[in-house]
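We name chains A, B, ... by the order of the sequence lines, and we start the count at 1 in each one. In this text, all values refer to a predicted model and were calculated from it rather than measured experimentally.
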Amino acid sequence: NAGVTQTPKFRVLKTGQSMTLLCAQDMNHEYMYWYRQDPGMGLRLIHYSVGEGTTAKGEVPDGYNVSRLKKQNFLLGLESAAPSQTSVYFCASRSGTGGFETEAFFGQGTRLTVV
Amino acid sequence: AQKVTQAQTEISVVEKEDVTLDCVYETRDTTYYLFWYKQPPSGELVFLIRRNSFDEQNEISGRYSWNFQKSTSSFNFTITASQVVDSAVYFCALSVISNFGNEKLTFGTGTRLTIIP
């Protein structure tokens with residue numbers, strides 16, 4: 001019962017470094033999302049995907065890129081990390097069957113600090 | 001565009017008191033779903049309830065109840081006889097299909113609930 005797994009759980013980056021956050025789900029879900037959570041701002045959508053090979057911009061996409069080469073994986077990339085990207089990142093997935101009425105399942109979060 | 005507003009940033013109540021968390025949403029879509037999630041201090045997000053736009057019946061689950069009113073675009077969450085384990089951040093979320101058929105799930109900023117023993 002893995003559900004949604006995020007890798008890594010914690011990371012410290014220096015300004016300008018790059019990294020990739022991996023999200024893997026084993027529920028055969030069509031939809032996947034990346035959110036960032038900042039104090040007082042709730043969960044803000046970065047990018048999302050409605051199926052393998054598709055991606056779309058969310059509310060705060062700048063400075064991030066994503067890829068969905070395999071249905072079960074959704075990668076979030078930071079090409080040149082900035083201190084403003086210090087946040088907790090959550091990945092989520094939802095079933096394609098029934099679509100937008102289904103609840104999202106979340107990973108445990110990745111705490112990223114950019115110094 | 002859709003929007004979810006949780007005006008209450010933080011609430012503190014004494015254990016066993018009732019507490020209501022407010023959620024107001026905005027959307028032009030006639031078909032949509034509303035959700036509540038709980039984020040305990042451990043950090044994970046836990047799904048609590050889903051409600052579709054065509055069903056305005058209130059729902060009760062144990063000490064939890066939800067009041068959905070389309071006339072005021074609100075989906076409020078009440079905890080009766082609160083307990084310390086209810087301390088968490090609670091998020092309201094709205095799900096619609098955008099113009100291009102893509103799925104969007106929009107969250108409010110959350111309400112931090114503290115139950116004082």
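Counting non-hydrogen atoms of other residues, nucleotides and ligands closer than 6.0 Å to CD of A:E79 gives a total of 12 or fewer. Heavy-atom contacts from other residues, nucleotides or ligands closer than 6.0 Å to CE of A:M27 number more than 12. Surrounding CZ of A:R44 are more than 12 heavy atoms belonging to other residues, nucleotides or ligands, all under 6.0 Å away.
Proximity to chain A is absent for every atom of B:E10, based on heavy atoms less than 4.5 angstrom apart. No part of A:E59 comes within reach of chain B, as not one of its non-hydrogen atoms sits under 4.5 angstrom from that chain.
Cluster annotation: A:L75 and A:L78 are assigned to distinct hydrophobic clusters (Ile/Leu/Val/Met/Phe/Trp/Tyr, side-chain heavy-atom contacts under 4.5 Å, transitive). Neither B:V24 nor B:L34 shares a network with the other; the hydrophobic side chains, linked directly or stepwise wherever heavy atoms of I, L, V, M, F, W or Y lie under 4.5 Å apart, form separate groups for each. Under a hydrophobic-cluster definition in which Ile, Leu, Val, Met, Phe, Trp and Tyr are linked whenever side-chain heavy atoms come within less than 4.5 Å, directly or via other members, A:F105 and A:I46 are assigned to different clusters. When hydrophobic clusters are built by joining Ile, Leu, Val, Met, Phe, Trp and Tyr residues whose side-chain heavy atoms come closer than 4.5 Å, directly or via intermediates, A:Y31 is not grouped with A:Y89. Both B:Y32 and B:I49 belong to a single network of hydrophobic side chains, linked directly or stepwise wherever heavy atoms of I, L, V, M, F, W or Y lie under 4.5 Å apart.
With hydrogens and angles disregarded, no donor-acceptor distance shorter than 3.5 Å links the side chain of A:Y48 to the backbone of B:L105.
Contact between A:R94 and B:F35 at its shortest, heavy atoms only, is NH2-CZ, 4.0 Å. The nearest pair of heavy atoms linking A:Q37 to B:F91 is NE2-CZ, 3.3 Å.
In this structure, A:F106 and B:Q39 have side chains that are not in contact, with every pair of non-hydrogen atoms separated by 4.5 Å or more.
Contacts from residues 107-117 of chain B to chain A, taken as heavy-atom pairs separated by less than 4.5 Å, involve B:F107, B:G108, B:T109 in sequence order. Among the residues in residues 63-73 of chain B, none has a non-hydrogen atom closer than 4.5 angstrom to a non-hydrogen atom of chain A.
To the nearest 0.5 Å, atom CZ of residue A:F90 and atom CD of residue B:E44 are 8.5 Å apart. Interatomic distance, B:S95 OG to A:E103 CD, rounded to the nearest 0.5 Å: 11.0 Å.
Of all the listed residues (A:S49, A:G58, A:G107, A:G42), the one sharing the greatest number of non-hydrogen pairs under 4.5 Å with chain B is A:G42.
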